[in-house]
Amino acid sequence: MSTTTPRRRLIAIAGLIAAVPLALTACTNSSDDGDDTSNASNTGSGDNAEAGDTVRIGFSAPAADHGWMGAITSAAVDQADAFEDVELINAEGTNDVNLQISQVETFINDEVDAIVLLPFDGAAMTDVATRAMEAGIPVINVDREFDSPFAARSTVLGDNYGMGVSAGRFICEQADGNTDAVVAEIAGIDSLPLTQDRSRGFSDALKDCGLKVSNRVAAEFTVESGERAAANLLQAAPKIDYLWNHDDDQGVGVMAAIENAGRDEFVMVGGAGSANVMRMIEADDTVLKATVIYPSTQGADGIKLARLIAQGKSMSDLAEVEVPRVIQLSAPIVTKENVDQYMDSAFES
Amino acid sequence: MSTSSVAGSTQQTTATPERTRSLGIARNLGLVVALVVLCVVGLITAGDRFASSNNIITILSLASAIGVVAIGMTFVITGGGIDLSVGAIVALSSVWASTTGTQAMAESVGWIVIVTTAIGVGIACGLINGLLIAYGKIVPFIATLAMLASARGLAEIIADRKTQIIRDQAFKDALGARPLGIPVIVYIFAVVVVLGWFLLNRTTFGRRTFAVGGNTEAARLAGIKVQRHTVYLYALLGATCGLAAVMLMSRTQTGSSTHGLMWELDAIAAVVIGGTLLSGGRGTVTGTLFGVLIFTTLTNVFTLNNLSTSVQAVAKGVIIVVAVLLQQRLANRST
């Protein structure tokens, strides 16, 4: 259980509008930039926005037991509501792989027009997703990838490696040539590929400007574990210049530890992009100066793609006549300068 | 081991004090050795960073909340039970005590409301556990497993799966204070350890706990109200969980349904390493204190040396085995 909860808290927030207008809106004139307040659930405009044949889309995701998954699911539902030609069949979120498989089987039996699936465990859901594909139902895979390329018609992914790169680049920029700077990292659960990807991106980006991670600890994506890991880390490194914390949820604990230790000599970068963190960045009165976004609107994008595929449409911003196989969302850095742009799409952790 | 426990329990009222004391010292010797070795490793590898007063305070602060739970767990395990729901109770207590409702009440009445709410919720959960086990005749493993699931579930419902920030400044000031440079929660931990030791070793309540855990039937025949005592034990553990939630709220300034994940295992591990018999009838508060300190120091030393959590996990496993083996050797030699 403990490996699942953190994973879902991971992702937060939604800088999609600016980051990937194309995936979101699927429209001929991308008119919705940052000024669109209804962020996640926009129907877009142009040909693809017009109601077509009504399609029934099955949606299944893990239990919404943390902010991120809650946001994923509610954004997906809102997105479906925004389309008058989409009928969403929302399966109750579950962390039981067996139950999730049976949910997909029910979708297959119901002969839905498309399935949007955020698997609890990508590998475990590969077989049933392949069966759905074989039954002629397009499957849109969200966030956690299947094992087989035959199991999904299209895949929407976040960019964990890119998160690390964005954080690393920001720190490089701040360090401005100083290669002696002490960089610390508070990772999430180390055994998860997503954590490894983030760390890899981070160290790759730092390498570019001659920096490296001097101190690294792993937490468990929970507030309490973040506090514990950070308290020890701050003792390990008496002086830090830059600190990247992978996840804003555990970041609440990290900030508490920093406050407990009375430290303020460094610049901290967050990860995911919770509303709480956005407010701190805007207020600019803590060590937290930036965060890196991991969009929580992937499910909503999945719904949009599923609709297009089921209706036989394409993404009209692209020359391509089919919906692409893979769409990877961007992981932009949020600082005081551009926080306004992302604030609306952030959610409470 | 089994012989000594039987002997210890049946002769509880007459021969135990001296016997347990000599056994206790021998048992704790292994733990002291383990802790000293860890500290030496810390000193050699991290030097001043390890020995600095700030670092020691960090270790003690980190040990405090889980330590309080482990002390409560010592009583339940000594009494022949087990509680898998402690982490979930900590989570529920922290969430309940940090809702906007509770915080609003705390605003008008005082920060003590947050503390009493947390401890009250803990005691209530403990009472439910105890009643189910003592009068409902459900085995502790199952009853507390049910509590584990439902308490965390309830915490998620109340918190709406969000992290609740504590805004009550008076609460933060009161529990975040550092008399003599040491955080209040460390004092709380110290008080709990002393009270726990006294309660287990110097009171009728403690002797009854040993008796109930050692041989329930004999305890019953000796006139102990076994069922009522069992309820007390779980309620006591619930109270320590509530207190731990308060300490965690002070450190993280949040209440969250994810607080205390896997604490049940950490607490049980600390208790058992300490030398408390998992089957009941023998228990030591001092041993538990060492168990908690060993784990917390281990994490600290590893972090100071920038080692990964995977290596840490391996070391944790090795230490559990080595500490238990050491205890057995030393305990056998002394008897």
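Labels below follow one simple rule: chain letters A, B, ... track the order of the sequence lines, proteins then strands, and each chain is numbered from 1. The structure displayed is predicted, hence computed values, not measured ones.
Looking at B:Q253 and A:V252, their side chains never come closer than 4.5 Å, going by heavy atoms from C-beta outward. Annotation: side chain of A:E224 is not in contact with side chain of B:T258 (no heavy-atom distance under 4.5 Å).
Listed here is the closest heavy atom pair of B:N306 and A:R216: OD1-N, 2.7 Å.
Atoms CZ and CG, from A:R228 and B:L248 in turn, are 9.0 Å apart once rounded to the nearest 0.5 Å. Rounded to the nearest 0.5 angstrom, B:T252 OG1 and A:E259 CD are separated by 11.0 Å. Put simply, CG on A:N215 and OG1 on B:T303 are 9.5 Å apart, with the number rounded to the nearest 0.5 Å.
In this structure, chain B has no heavy atom under 4.5 Å from any part of A:S225. Looking at B:I165, the atoms closer than 4.5 Å to chain A (heavy atoms on both sides) all sit in the side chain, from C-beta outward. In this structure, chain B has a heavy atom under 4.5 Å from the side chain of A:D190, while its backbone stays farther away. Interface remark: B:S52 contributes side-chain atoms only to the contact with chain A (heavy atom separation under 4.5 Å).
Of the residues considered (B:H259, B:Q312, B:R251), B:R251 shows the highest number of contacts with chain A, using heavy-atom pairs under 4.5 Å. Counting heavy-atom pairs under 4.5 Å between each of B:T299, B:I57, B:L304, B:D160 and chain A puts B:L304 at the top. Annotation: maximal heavy-atom pairing with chain A below 4.5 Å, among B:G260, B:S61, B:S310, occurs at B:G260. Between chain B and the options A:A236, A:P238, A:A229, A:A256, heavy-atom pairs under 4.5 Å are most frequent for A:A236.
Residue B:R178 qualifies as enclosed at atom CZ: its count of foreign heavy atoms under 6.0 Å is above 12. Within 6.0 Å of atom CG in B:D48, 12 or fewer heavy atoms from other residues, nucleotides or ligands are found, so the atom counts as exposed in its surroundings. Residue B:W263 qualifies as enclosed at atom CH2: its count of foreign heavy atoms under 6.0 Å is above 12.
Residues A:Q235 and B:T58 bring a donor and an acceptor atom of their side chains to less than 3.5 Å of each other.
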Decide yes or no on side-chain contact (heavy atoms from CB on, under 4.5 Å) for A:E227 and B:T254, but give the supporting numbers first.
CA-CA 11 Å; A:E227 196 272 338; B:T254 60; over 6 Å; no
